[in-house]
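Below is one structure, written out as structure tokens; comments come after it.
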Amino acid sequence: MQFRVGSTNSTTSLLRRHQSFVSHSTSPPSQTSKWNLNTRQINLRTLLNPIKENPNSLPSLLSYAQIFQLLTGTHFYKLGQQVHALMTLQGLQPNAYVAAKMVAMYASHGDIDSALFVFNRIDGERSSLLYNSILRGCAKNGYTEKTLEMYYDMNSIGLRPDNFTFPFVLKCCAELLRVGVGKCVHGQSLRVGLECDLYVGTSLIDMYVKCGEILEARKLFDEMPMRDVSSWNALIAGYMKNGVVGIAEDLFRRMSNRNIVSWTAMISGYAQNGLGDRAFDLFEEMQREGSEVKPNWVTIMSVLPACAHAAALEQGRRIHSYARWIGLDSNSYVQTALVSMYAKCGSLVDARSCFDRLCVKDKGLVAWNTMITAYASHGLGMEAVRTFEEMIRFRVQPDFISFTGLLSGCSHSGLVDIGLKYFNCMNSVYSVEPRVEHYACVVDLLGRAGRLVEAKELIDRMPMQPGPSIWGALLAACRTHRNVEIGEIAAKQLFVLEPENSGNYVLLSNMYAEVGRWEEVDNLRVIFKDQGMKKNPGCSWIEINGKAHLFHGGDTYHPQAKEIYMLLEDLPKKIKAAGYVPDTSFVLHDVSEEEKEHNLTTHSEKLAIAFGLLNTYPGTVLRVTKNLRICVDCHTATKYISKIYDREIIVRDVNRFHHFKDGSCSCGDYW
DNA sequence: ATAGGGTTAG
């Protein structure tokens, strides 16, 4: 697993924003009225009481239909079953109209089997209404293939699809990424003259957008005789999903009525495209806009990843308290997003407490996966395993993400045997087919443990093509265990698979340099230059009082540069007195030892830590984030710093968290 | 009864 870090530019600008944007001066919104539910219950009682009082009474089919309609979406599933049973006892066969209501009732409880049972044995002809009802049920409950099957069925018996039919079917085409089917359905909607319908048109835009055909969606949008907010929103989200941020922005600025969905589409689009700073800006702007638009749980859930990405813990806390203020923090999706945010911002304690606040029924697959991954990324492999087992006990079916979390957790903690055990039985016991990413985890697992030959053998007998993640894991392991021979094999594959990735050249070059093969180092340097590649610049940032401070390796223009460098120059003496020898094997070029040592003292993570030491009170925890993997030397130095200055230092690198305390690191030097 | 924004992993 990796923390995705965008381009340095976007990271830099992202970090400029750390001001409070949440105003707590407004009062929380009032609770939604319960009136609706009460009238529903009263109506239900007037229908049911006559039956209860006189068991011989024979209610009409119409009143049965009304009962089922009132029961749809309520908690009275059992009652619905009883009424159904009563109907059967009275020898009443539901007609298409009653069946449609029954199907809706069962489907609203996720009971598709019963819905299909009713659907398949009705009295008389089926209606479009009945088909729409079953389509809705199947589509809403993830039975996508079944939905399409039903749609074919409906056409084959000559029933005319209407404005309600198409949205359900198109949603499934989008989910299955079946543009071919979608185009066919598009044709049918034209044939029945529904191209002007707002719902059908918007569903078509959405379908094309999700299948990646943004031009087709645009064409449709431009040709629509009538559009509303939803059509605009669908297109905006479409451009965002396809990474075309500029056009999305343009549309957003041009549209006349924006609603909360429009704002959320923009905010989440920014966050997903690695533009967290703009996500925050817009979130603020939306609040300034006044009472017209109120953020809802989707909005909150969409800003949180931007905090996670920037490791902006204080920002995240502010959004959390804002969510609490407007009464959205109890939403299970928001809570799950909070777990992830806190974990990625380095606070495992807060992550866990949010997780614990979720009640049992709200602890869904995603929440469990998030917690497992959180432990894994903080190097608590055994906790990840325990959480996974707990999830199984709660009868939550794991998916491929559960296993990437579990396996990477084992890998980072050196739990080789446990990891292999899970990998070997994930299909047979848990019915999860291993994917490339799982193989990558196991290559990593074996590789970190120094079992490089076994790792290579695993790659050779993989059932799928090994991709960059596989060879990358092997190369990194070869670097750690100084195996040039296998490292070359991995690197050569990577040069073909991802020629633009400079990191691979740097890694191999370092390996050659270490064993003194300078000729090969020179060769690589030539290739490196010829292809115009640049070393991915390392940068680190530290959050102090909710404000982020960014450093690049060798920065000298910082206002406090002088003090920072003084502290760092002083450091080797202090550390050497404690028996520390700098590890210079991670420097790319062949330079003299002193120069190497100098380069190392100015690595960005050291600058950030020094800055933190200078600008916080003794005892404050330092939280540093780095866009690359932390190097061995900085890792060692940080251990000493934590001891000499008596500080807890938490470093998040691309792969995981390191908690430094009292001279040692939570990773046990195993990463 | 119908459309548009969506948390985990990469």
Side-chain angles (χ1 to χ4, degrees), chain A residues 1-4 69 72-73 100-101 103-104 107-108 128-137 139-140 161-171 174 194 197-207 209-210 227-238 240-241 258-269 271-272 293 295-305 308 331-341 343-344 354 358 364-374 376-377 398-408 435-438 440-441 467-469:
Chain A
M1 130 207 37
Q2 284 218 334
F3 294 104
R4 290 188 303 166
Q69 184 162 353
T72 301
K101 302 294 172 197
V103 164
S108 75
S128 291
L129 178 85
L130 176 58
Y131 266 101
N132 287 342
S133 185
I134 195 78
L135 286 170
R136 175 179 195 257
K140 278 243 158 79
D162 60 17
N163 55 326
F164 293 102
T165 315
F166 290 112
F168 302 132
V169 179
L170 289 167
K171 195 171 215 141
L194 280 168
D197 186 88
L198 277 175
Y199 288 82
V200 177
T202 306
S203 299
L204 281 167
I205 292 176
D206 183 56
M207 184 273 295
V209 142
K210 293 205 169 124
R227 297 179 204 123
D228 70 356
V229 220
S230 299
S231 336
W232 285 81
N233 292 345
L235 195 65
I236 287 174
M240 279 300 199
K241 279 210 181 69
R258 306 179 192 123
N259 61 14
I260 186 61
V261 178
S262 329
W263 288 91
T264 308
M266 288 298 295
I267 292 168
S268 68
Q272 285 158 6
V293 276
N296 58 24
W297 63 274
V298 184
T299 320
I300 301 294
M301 195 178 68
S302 307
V303 235
L304 288 170
N331 178 286
S332 63
Y333 291 87
V334 169
Q335 279 184 316
T336 305
L338 283 168
V339 174
S340 176
M341 182 277 291
K344 285 192 183 142
C354 287
L358 278 160
L365 174 64
V366 178
W368 287 102
N369 284 352
T370 307
M371 203 60 229
I372 292 169
T373 309
S377 68
D399 71 349
F400 69 101
I401 295 171
S402 324
F403 279 94
T404 46
L406 180 63
L407 293 173
S408 75
R435 299 192 188 186
V436 205
E437 49 264 53
H438 302 115
C441 284
S469 59

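Lettering of chains follows the sequences in order, A, B, ..., and the numbering in each one begins at 1. These figures come from a predicted structure and were not determined experimentally. Hydrogens, waters and symmetry mates play no part in the numbers below; they use all other heavy atoms, side chains included.
Listed nucleotides B:dG4, B:dA9, B:dT2 differ in distance to A:Thr404; the shortest reach to its side chain belongs to B:dA9. Between B:dA1, B:dG5, B:dT2, one nucleotide has an atom nearer to the side chain of A:Ile260 than all others, and that is B:dG5. The side chain of A:Arg136 has B:dA1 as its nearest neighbour among B:dG4, B:dG5, B:dA1. Across B:dG4, B:dT2, B:dG5, the shortest atom-to-atom separation from the side chain of A:Lys140 is found for B:dT2. When the nucleotides B:dA9, B:dT2, B:dG4 are ranked by their closest atom to the side chain of A:Thr373, B:dA9 comes out on top. Side-chain proximity of A:Phe400 to the nucleotides B:dA9, B:dT7, B:dG4 is greatest for B:dA9.
In this entry the distance linking CG of A:Asn233 with C1' of B:dG4 reads 5 Å, nearest Å. Atom CD1 of A:Ile267 is separated from atom C1' of B:dG4 by 15 Å (rounded to the nearest Å). Whole-Å rounding puts the A:Asp197 CG to B:dA1 P distance at 17 Å. The distance between atom CG of A:Leu304 and atom C1' of B:dG5, rounded to the nearest whole Å, is 15 Å. Rounded to a whole Å, the CG atom of A:Asn331 is 17 Å from the P atom of B:dG5. What separates CD1 of A:Ile205 from P of B:dT2 is a distance of 19 Å, to the nearest Å. Spacing between atom CG of A:Leu198 and atom P of B:dG4 amounts to 13 Å, rounded to whole angstrom units. In this structure, A:Gln335 atom CD and B:dT7 atom P are separated by 17 Å, rounded to whole Å.
Side chain of A:Asn296 to main chain of A:Thr299: a donor-acceptor pair is present (N/O by atom type, distance under 3.5 Å, no hydrogens or angles). Judged by distance alone, with hydrogens and angles left aside, the side-chain atoms of A:Ser133 form no donor-acceptor pair with the main-chain N or O of A:Leu129 at under 3.5 Å.
Residue A:Lys241 places none of its side-chain N or O atoms closer than 4.0 Å to OP1 or OP2 of B:dG4. Under 4.0 angstrom from either OP1 or OP2 of B:dA1 there lies at least one side-chain N or O belonging to A:Gln69. A close approach under 4.0 Å does not occur between any side-chain nitrogen or oxygen of A:Lys344 and OP1 or OP2 of B:dT7. Phosphate proximity of B:dG4 to A:Lys171: present, with a side-chain N or O under 4.0 Å from OP1 or OP2.
Side-chain to base pairing of A:Asn259 with B:dG5: no donor and acceptor N or O lie closer than 3.5 Å to each other. For B:dG4, its base never sits under 3.5 Å from the side chain of A:Asp228 at any donor and acceptor pair.
Within the 4.0 angstrom heavy-atom criterion, no nucleotide atom of any strand lies near A:Phe166. At a threshold of 4.0 angstrom between heavy atoms, the contacts of A:Thr336 include nucleobase atoms, whether or not backbone atoms are also involved. At the heavy-atom level, A:Leu129 lies under 4.0 Å from base atoms of the strands shown. Nucleic acid contact class of A:Asp206 (heavy atoms, under 4.0 Å, all strands): sugar-phosphate only. Within the 4.0 angstrom heavy-atom criterion, no nucleotide atom of any strand lies near A:Val334.
Contacts of residues 364-372 of chain A with DNA chain B (heavy atom under 4.0 Å): A:Val366, A:Asn369, A:Thr370.
Residues A:Asn259 and A:Asn233 form a side-chain contact, since some pair of their non-hydrogen atoms from C-beta on lies under 4.5 Å apart. You'll find the side chain of A:Thr370 stays beyond 4.5 Å of the side chain of A:Thr373, heavy atoms only.
The nearest pair of heavy atoms linking A:Lys210 to A:Ala174 is CB-CB, 4.0 Å. Residue A:Ser377 comes nearest to A:Ala374 through the heavy atom pair OG-O, 3.0 Å, listed as atom of the first residue, atom of the second, then distance.
Side chains of A:Asp399 and A:Ser402: a donor on one and an acceptor on the other come within 3.5 Å. At a cut-off of 3.5 Å, with distance as the only test, no side-chain donor of A:Ser203 or A:Asp206 sits close to an acceptor on the other residue.
Applying the salt bridge (Lys or Arg N to Asp or Glu O under 4.0 Å) test to A:Lys101 and every residue at least two apart in sequence or in another chain returns nothing.
An aromatic stacking contact links A:Phe164 with the base of B:dA1, defined here by ring centres under 5.5 Å apart and ring planes under 30° from parallel. In this structure, A:Tyr199 packs face-to-face on the six-membered ring of B:dT2, meeting both the 5.5 Å centre cutoff and the 30° plane limit.
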